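Quantities reported herein were computed from a predicted structural model and do not represent experimental measurements. FYI, side chains are in, hydrogens and waters are out, and symmetry mates aren't considered; it's all heavy atoms of this structure. Labels below follow one simple rule: chain letters A, B, ... track the order of the sequence lines, proteins then strands, and each chain is numbered from 1.
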Amino acid sequence: MSKKIVAGHGSGGKLMNDMIEKVIRARFGRDILQLDDAAVLPTGGADIAFTTDTFTITPIFFPGGDIGTLAVNGTVNDLAVMGSRPLYISCALILEEGLELGDLERILDSMKSEADRAGVKIVTGDTKVVPAGKADRIFINTSGIGVFDAKVSRGDIVPGDKIIVNGTIGDHGMAIMALRNNLSFSRGLQSDCAHLNHMIGAVTGRFPESVKFMRDPTRGGVASVLNEIVQGKPFSARLFEDALPVRDEVKGVCSILGIDALYAANEGKALFIVRAEDAEPIVRILKETPEGKEAAIIGDINKEFPGRAYVETTIGGRRILPLLTEEQLPRIC
Amino acid sequence: MCLAVPMTITRIEGGRAVAEARGVETTVDISLMPDIKINDRVIVHAGFIIEKLDEQAAREIDEVWDKYLEEMDRP
Amino acid sequence: MTRELDKKLAARLKGLNLDGEIRVMEVCGTHTTEFFRTGVKDLFPHGLSLIDGPGCPVCVTPNEYLDRAIEIGRSHGPVIATFGDMLKVPSSYSSLAKEKAEGMDVRVVYSPVNALDMAAEDPGREVVFLSVGFETTAPAEAATVLEARKRGIKNFSIMPGNKLTPPAVDAILRAGEVKIDGFILPGHVSAVIGAAAWRFISESHGRPCVVAGFDAPDLMMGVLSLTDLIRRGKSETVNRYTRVVREAGNRTAVDLMNRVFLTTDSHWRGIGVIPASGLEVRNEFAEFDAVSKFPVTPPPPKEAKGCRCGELLRGLITPPECALYGRACTPEEPVGPCMVSMEGPCAAYYKYGRG
């Protein structure tokens, strides 16, 4: 473990996972601090899901959204992929001295409109101001509560299960990287930032038994989520390169900067592991929703490389998807 | 050693040009390949054009390589 | 390239039966990664092995280079602009990532022009660009120096760390330490220096070699052509990347590189000093040379104990044969450069191989 916090500790890769395990969960208790997207908590009545997240993105305004839409949708999605119905959100603002009030108003407006459309209420919050230079204009921390209308039973993942994603991967991560490396777009590339609770509700409503796993692949992307699923398990996750929905623009930015879209962040995607026989009908349901128009079966679970995720490439070769150590950077070689 | 990608020139402005690939546009430097024209297909590395793509050779690959594969069969 | 050609090449490669063991060196780090990433390496027939050559700028950059860059950053406080490749490379005592965490202003750029524009936007702040890379990148860095002069930008300088590939291949062949039956040559270096620059391999060293591109079909055709030449005992230099590489390469780029840089002997990490294999800034452009502009005396260079990156870069050992590989030396805590760069042999092997 390196003795100082470095950028990599926040990147969704192994550096971050090791720190969470050895520095944080070791102290808070592995049985108490749940590692899923949200903690599932008994209340005597129905169980509730409780989650928290902090948003520090730069730039704070980007094509397809802003730090406000990211905060609300990210929290709603963390609750929704646990199978709970998101209800309430908190909003703690850390504002840098000198932030334009007009910018804050614009961000809060987008938070309100996203919350309304997602059907959640922003019920509590806090505001702190820090001296200039101590934050990057604005940071937002949110917590969220969802309720489990019905007991969620998740069957075990077994070989043969299918892997589904609700649309194109890498949009958010590559839209931001393009901005930072002054790449622009003739047809545009937007963040896919969106709340998925209604879409997920449509699936779990019709197929409560067949969804084995759901998670929103934000930092670290699809590959990192797959690695978390298979780590230490007797099965592997296989993706078919030809089945991966990736926008042309995302492929373009990836090839120019030397980045792999499977590790780029998504903000409006959910990864599902489902029973094989229900995969096609689930994709049809997803395609009926605005957030799932480009849903696809992108792979399956097998026993080829137990404990690892891999891709079957266009030419029929296979390559292992390693656990990323930290954020990918533009490179020349 | 050298990540470089094929792109198409869409605009030329003084010492620089705009190149596009898969809908992505970026400003590229043309000092290493000054005689490029609009719609030229070029190879871009670290923001610089390092070579022009030979369209003729690109079109012939299938045919040339097929022939070569047959020759490899003859002992 | 059509899909049927892909399938035909894949089937041909997979079905290749070699009578003996064939050892092929790929000189370029991008080839190392693309062989894994496209899955072509997974189709290799039994008996065909790929040896990683000194082809990633990060792996061959000596410790003294980063030690000096960090010392300049510490004592003169400029912005250090670099390609992403150099950020995590361990120097003798630290790395740019660690120095950045300690407050040094280290910024990753996609192009040297981004570093020059940074200097133009903030004339009060010195910007030092770490000019690494081979013949593909050096002309771009030379052109950036010329532009700095033309635009009168005084607060921009580069730390020359570029290396030339043919002398390294020649040195490896002369050392004769390892059995190499043929070479897969770097497509984009060749776009600049031309296919002709490699003829010495077949003519004076009697080994076949193939200039190859980077897509899956290019890689497959590269390997198929090379194994065919090896099995027929034909020592030739063949250009299979004709859509990009010309016989004489890009003269404008080479001339521009030679206008700003002077060829000198150069220390390659793990290989030692190779004559006429490095580039330094000519006196005429001394005001853009960070070495003379920011005099420092970095601490004496030292190699990490047990690090065998040098032997690896000369094709003598494969990653698992190094005692540190996957134990003390992992992508999270790299000891040697070969585990750091995405192109480095160990990083590619650890990530894409069977770990």
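With a 4.5 Å cut-off on non-hydrogen atoms, K41(C) does not touch chain A at all. Heavy atoms of L9(C) lying under 4.5 Å from chain A are absent altogether. In this structure, the portion of M220(C) lying under 4.5 Å from any heavy atom of chain A is its side chain and not its backbone. Contacts of V108(C) with chain A are made by side-chain atoms alone, with heavy-atom separations under 4.5 Å and no backbone atom involved.
When each of K7(C), K100(C), E102(C) is scored by its heavy-atom pairs under 4.5 Å with chain A, the top score falls to E102(C). Taking L323(A), N181(A), L257(A), I256(A) one by one and counting their heavy-atom pairs under 4.5 Å with chain C, the maximum is reached by I256(A).
Closest approach of R319(A) and R37(C) over heavy atoms only: CD-O, 2.9 Å. Minimum interatomic distance between A216(C) and I315(A) (heavy atoms only, all atoms of both residues): CB-CG2, 3.8 Å.
D260(A) CG to T33(C) OG1: the interatomic distance, rounded to the nearest 0.5 Å, is 11.0 Å. Going from atom OH of Y110(C) over to atom CD1 of I332(A) covers 11.0 Å, rounded to the nearest 0.5 Å.
Put simply, the side chain of N182(A) reaches to within 4.5 Å of the side chain of N114(C), judged on heavy atoms. Between R3(C) and D242(A) the shortest side-chain heavy-atom distance falls below 4.5 Å.
Ionic pairing of D85(C) and R331(A) is not present here: no N-O contact between side-chain nitrogen and carboxylate oxygen is shorter than 4.0 angstrom.
Applying the 6.0 Å contact sphere to NZ of K14(C) captures no more than 12 heavy atoms from other residues, nucleotides or ligands.
No donor-acceptor pair under 3.5 Å is formed between the side chain of D42(C) and the backbone N or O of G317(A).
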